[in-house]
Amino acid sequence: CFAGSCSMMDDYTGSGSTWGTGAATFNTWILFGDPSLRIIGTVQPPTGLSVTPETPEFYSEGSAGGPFTPASMDFTLENLGEESFDYEVSVTQPWLTVVNGTGTLPGKSTTIVTVEINSAAEAFDNGLYTDVITFTNMYDNKGDATRDVLLKVGVPLPVYTYNLNTDPGWSVQGEWAFGTPTGGGGTAHGYPDPSAGITGANVYGVNLDGDYSTTIGGPYYLTMGPVDLTEVSETSLRYQRWLNSDYAPYAFATIDASTNGTDWTNIWSNGSTVITDSTWTAQQIDIAALADHQSALYLRWGYRIGNMAWAFSGWNIDDVAIWGLGPQGPRYSVGDLNCDGSADVFDIDAFVLAVTDAPAYETDYPDCDINLADCNEDGYADVFDIDAFIALITGE
């Protein structure tokens, strides 16, 4: 290097006369600079206030009434200089509390300030609440900083759940059936069916004894609904899937949604992909644009067999749930007193408790609603609901 310029030569080895492969080929680089430019000075040590972490916000969320996660956030305040100064950390909203919000920071020292979401937030309705945390160097304001606070009240929860331990009575076509799969199929393509559901013995599946028929036909649907989502937003479908299927146009696997049971919108399909599940896999589909605040939602899982399809073990689904954000939290069907997703004989003990000792029922089943015992729909949960409850769980 000389006079601000640098000459560099790269030597490439090889054979022949082609660039980069010859016995002695070179690439010369000439880099020019300006030797007349100089910066002269003395590095000054930092001073003032430093706030970490530097993340721009404190974000917390939870259901109405709490708890909220995270409930607090720690900030480290550091005095970068040698001289001490007073500091102040402030907020404007009463639902925030600042711990160790004022004090003196000696030179080259640190302290921890905690900002907490207090009990006032438990009274909030669903929505987004904001504030700003202000960090102030009371001496010369060097290093003053702010951090946003975002509190989201209301998070999606299970609104309707179906664990399929008992048959919910959904409509079936083709080889769709409710029951216990046998672990069959999958000998030529993909994997076999499961031998049980993920949380119990039963599933809804296509040919529970093995592969689907390759006879051209369909579509054939498993259809649930309607369910009421009038007061629900941020809706999603969640379910467990064990699916083995050829790809379109040989075999079609689909999920559709409707708000009237007549006009359907496709929300998932296998497309041009062969699907080979060898275990239960959790699935989630955002259906908010279609389902939010609708008085009736229908869902259907479908399959259709095209020409020259190969045999696979087909659909198996379990633990179906509709999640959403609603002011009343989880909803369950009348008669489902233990809130497991089905009204059946397993609800008898909970029903007896609900109609004989309401406070005890509410203590033992805090996520349920005693009105689920109002099986005769007279506005009261009492012994006059017994006959209607028995008819509901027995189907008679």
Side-chain angles (χ1 to χ4, degrees), residues 157-173 176-182 193-206 208 221-229 237-242 280 296-301 315-324 326 328-358 360-396:
L157 294 170
V159 180
Y160 295 97
T161 61
Y162 307 90
N163 59 24
L164 302 189
N165 289 342
T166 57
D167 188 354
W170 297 346
S171 170
V172 295
Q173 297 175 330
W176 278 105
F178 176 84
T180 302
T182 62
D193 284 331
S195 57
I198 189 170
T199 57
N202 298 324
V203 305
Y204 268 113
V206 173
L208 299 178
Y221 294 113
L222 164 70
T223 305
M224 64 160 285
V227 294
D228 183 6
L229 300 175
L237 167 65
R238 305 188 190 194
Y239 70 101
Q240 293 285 340
R241 185 192 81 183
W242 188 310
W280 286 105
L297 175 70
Y298 301 80
L299 293 167
R300 68 184 186 186
W301 289 257
W315 274 111
N316 296 275
I317 66 171
D318 195 8
D319 286 1
V320 178
I322 297 174
W323 285 56
Q328 297 179 350
R331 295 182 178 183
Y332 300 92
S333 60
V334 172
D336 183 13
L337 273 298
N338 64 1
C339 297
D340 67 352
S342 300
D344 50 35
V345 295
F346 298 105
D347 294 288
I348 293 175
D349 290 344
F351 173 80
V352 172
L353 188 62
V355 300
T356 60
D357 190 345
Y361 172 80
E362 292 172 348
T363 298
D364 290 354
Y365 299 91
D367 295 329
C368 300
D369 185 343
I370 196 168
N371 290 320
L372 298 173
D374 182 19
C375 299
N376 65 359
E377 299 182 350
D378 65 355
Y380 302 94
D382 51 31
V383 294
F384 297 105
D385 294 288
I386 293 176
D387 290 343
F389 173 71
I390 293 173
L392 184 65
I393 65 174
T394 60
E396 299 178 357

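The first residue in the sequence is number 1, and the count goes up from there.
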Side-chain touch V355/Y361, heavy atoms, less than 4.5 angstrom: no
With rounding to the nearest 0.5 angstrom, report the CD1 to CE distance, I322 to M224. 4.0 Å
Residue pair F178 / D167: nearest heavy atoms and the distance that separates them: CZ-N, 3.4 Å
Verdict with supporting geometry, T199 and N163, side chain to side chain donor-acceptor pair (under 3.5 Å): CA-CA 7 Å; T199 57; N163 59 24; over 6 Å; no
Using modelled atom types only, decide if a donor and an acceptor are shared between the side chain of T161 and the backbone of D319 within a distance under 3.5 Å. no
Are the side chains of I198 and W242 in touch, meaning some heavy atoms are under 4.5 Å apart? no
Considering all heavy atoms, the nearest D336-L372 contact: O-CD1, 3.4 Å
Spacing of OG belonging to S195 relative to CG belonging to L208, to within rounding of 0.5 Å: 12.0 Å
Got a donor-acceptor contact below 3.5 angstrom from the Q240 side chain to the D318 backbone? no
Test of understanding: with side chain to side chain contact (heavy atoms under 4.5 Å, CB included), list the residues that count as partners of D357, not counting sequence neighbours. L353, P359, A360
If you apply the rule side chain to side chain contact (heavy atoms under 4.5 Å, CB included), what do you find for L222 with I317, and how did you get there? CA-CA 10 Å; L222 164 70; I317 66 171; 3.5 Å; yes
Closest heavy-atom pair and its distance - A343, L392: CB-CD2, 4.2 Å
Parallel, tilted or perpendicular: ring planes of W170 versus Y162, cut at 30 and 60 degrees: perpendicular
If you compare all heavy atoms of Y204 against all heavy atoms of V172, which two are closest, and at what distance to 0.1 Å? CE2-CG1, 3.8 Å
On a heavy-atom basis, which atom in V159 and which in G324 lie closest, and how many Å separate them? CG2-N, 3.4 Å
When you compare the side chain of Y365 with that of C339, does any pair of heavy atoms fall below 4.5 Å? no
From T223 atom OG1 to W301 atom CH2, the distance as rounded to the nearest 0.5 Å: 9.0 Å
With side chains defined as the heavy atoms from C-beta onward, is the minimum distance between D385 and D374 less than 4.5 Å? yes
By side chain to side chain contact (heavy atoms under 4.5 Å, CB included), which residues pair with I348, not counting sequence neighbours? V345, V352, F389, I393
Walk me through it: do Y160 and D228 pass the test side chain to side chain contact (heavy atoms under 4.5 Å, CB included)? CA-CA 10 Å; Y160 295 97; D228 183 6; 3.8 Å; yes
Minimum heavy-atom separation for P181 and P194, please, with both atom names. CB-O, 3.1 Å
Do D193 and V203 come close enough that some side-chain heavy atom pair is under 4.5 Å? no
